[in-house]
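Below: the structure, in structure tokens.
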Amino acid sequence: MQPRRWPRRTAIGLASAAILFASAGASYQCISAARDRGAYHMPGKLFDVGGYSMHIHCIGQGIPAVILDSGLGDSYLSYHKVQPQIAQFARVCSYDRAGIGYSDSSSKSRTSKIMAEELQALLRAAGIAPPYILVGHSLGGYTVRLYASLYPSQVVGMALIDASHPDQENRFSPELKNMEGTWLREAEFLAYTMPLGIPRLMGLCDDDPAQRAAECNWHTAREGVAELKAFPESAAQTAATSSLGDMPLAVLSHDPDKPSAELPPDLSKPTNDAWEKMQEELSHLSTRGTQTIAKNSAHYIQIDRFDVVIEAIRRVVEQARAAQPASPSKSN
């Protein structure tokens, strides 16, 4: 009697189908990503920062230069509504952190201290001379504060846009921490499946051509996971920094009546109450700090209330110029 061969044949068939599906998905992602980038020209330039390239996009003229740092996993495009307007009164640069958007990945850890050091290398390579006004949204708040700590003579002003607080993980409820685990798993799903084109097939990539070209790729999804995993260490690094003295500082906070849509009602109020308190504390980092509540805005104030962000940065620029002697800022 001959042994049954169908289980083995079935397994081989399923494995072959899986390989075929993976190959087709990978081809689809590769072709689609190349098509997206071919259809949308990258603004700005790439500069070598020590074995890998980083992307920076600068427009406008004047000193000090305004440097825009995006939130966790976000590309330079998170400032697309404010950068052209800021360019009317200052030189302003948005950029992609290593591994995000058009920037190459880095082998270094993805803590905010490392990202601040990489930003300094990028600005030096691009010929963007200090002094700087640093603008940080969300996680970017850690990076700009660490930059000011590492290179204090280069920074003459700062704006924090609904920025992360280094003690927030200790002040949020345990239930929110459980949700953060879910968010990490969702981010890992995107990173693991992006090479197969699954997020693109599921409609998870942005409809905007510029956003899709910059962010719908594996290295950006992977970087978002790495930044999320490094968040506690980045918070600890930021907590160890000192105050900003009398530096011009604008703290912009989202409307308490516009909490995150991802939070269930029972977590929304306590989380928002803790966030409001921490935002107020950020304004005390400098004796010249101010806080503005951006009415009708959620977390992305630079998108929901870009007018508030532009005016706050204008005020910081004016205060910094009044305190600093004029000197030309180099262009890239």
Could you give the side-chain donor-acceptor pairs of residues 140-150 under 3.5 Å, partners two or more places apart or in another chain?
| residue | atom | partner | partner atom | Å |
| --- | --- | --- | --- | --- |
| Tyr142 | OH | His165 | O | 2.9 |
| Tyr147 | OH | Gln154 | OE1 | 2.6 |

- line: For Leu282 and Ser164 the tightest heavy-atom approach is CD1-O, 4.2 Å
query: Should the pair Arg110-Glu118 be classified as a salt bridge under the 4.0 Å nitrogen-to-oxygen rule?
result: yes
message: Salt bridge check, Arg315 against Glu318: does any charged N sit closer than 4.0 Å to a carboxylate O?
response: no
- prompt: Are the charged groups of Arg97 and Glu227 less than 4.0 angstrom apart, N to O?
  reply: yes
- prompt: Looking only at heavy atoms, which two atoms of Ala116 and Tyr151 are closest? And how far apart?
  reply: O-CE1, 4.1 Å
- request: With sequence neighbours excluded, tell me which residues meet ring pair (Phe, Tyr, Trp, His ring centres under 6.0 Å) with His299.
  value: His137
Exercise: identify the closest heavy-atom pair between Ile100 and Asp74: CG2-O, 3.4 Å
query: Given the rule in the side chain to side chain contact (heavy atoms under 4.5 Å, CB included) test, do Lys229 and Leu184 qualify, once you have shown the distances and angles that lead to the verdict?
result: CA-CA 8 Å; Lys229 288 183 175 179; Leu184 175 59; 4.1 Å; yes
- prompt: If you group Ile, Leu, Val, Met, Phe, Trp and Tyr by side-chain heavy-atom gaps below 4.5 Å, do Val82 and Ile303 land in one group?
  reply: no
Heavy-atom closest contact (Gln83 atom, Cys58 atom, distance): NE2-CA, 4.3 Å
query: Taking atom CD of Gln85 and atom CG of Asp307, what is their separation to the nearest 0.5 Å?
result: 10.5 Å
field: Plane angle bin for His55 and Tyr102 - parallel if under 30°, tilted between 30 and 60°, otherwise perpendicular
entry: perpendicular
statement: CG of Leu252 to CD1 of Ile313, rounded to nearest 0.5 Å, is 7.5 Å
query: Side chains of Ser253 and Gln291: is there a donor and an acceptor less than 3.5 Å apart?
result: yes
message: So which atom in Arg305 and which in Ser297 form the shortest heavy-atom distance, rounded to 0.1 Å?
response: CG-CB, 3.7 Å
- prompt: Thinking salt bridges, do Asp273 and Lys269 make one under a 4.0 Å N-O criterion?
  reply: yes
- request: For the pair Glu281 and Arg171, find out whether any cationic side-chain nitrogen is under 4.0 Å from an anionic carboxylate oxygen.
  value: yes
- request: Carefully, step by step, assess Leu123 and Tyr132 under the rule side chain to side chain contact (heavy atoms under 4.5 Å, CB included).
  value: CA-CA 10 Å; Leu123 293 173; Tyr132 308 124; 3.6 Å; yes
task: Apply side-chain hydrogen bond (donor to acceptor under 3.5 Å, both in side chains) to the pair Asp304 and His254, showing each step before the final yes or no.
output: CA-CA 9 Å; Asp304 295 340; His254 75 257; over 6 Å; no
field: Distance-only polar pair, side chains of Asp69 and Tyr95, donor-acceptor under 3.5 Å
entry: yes
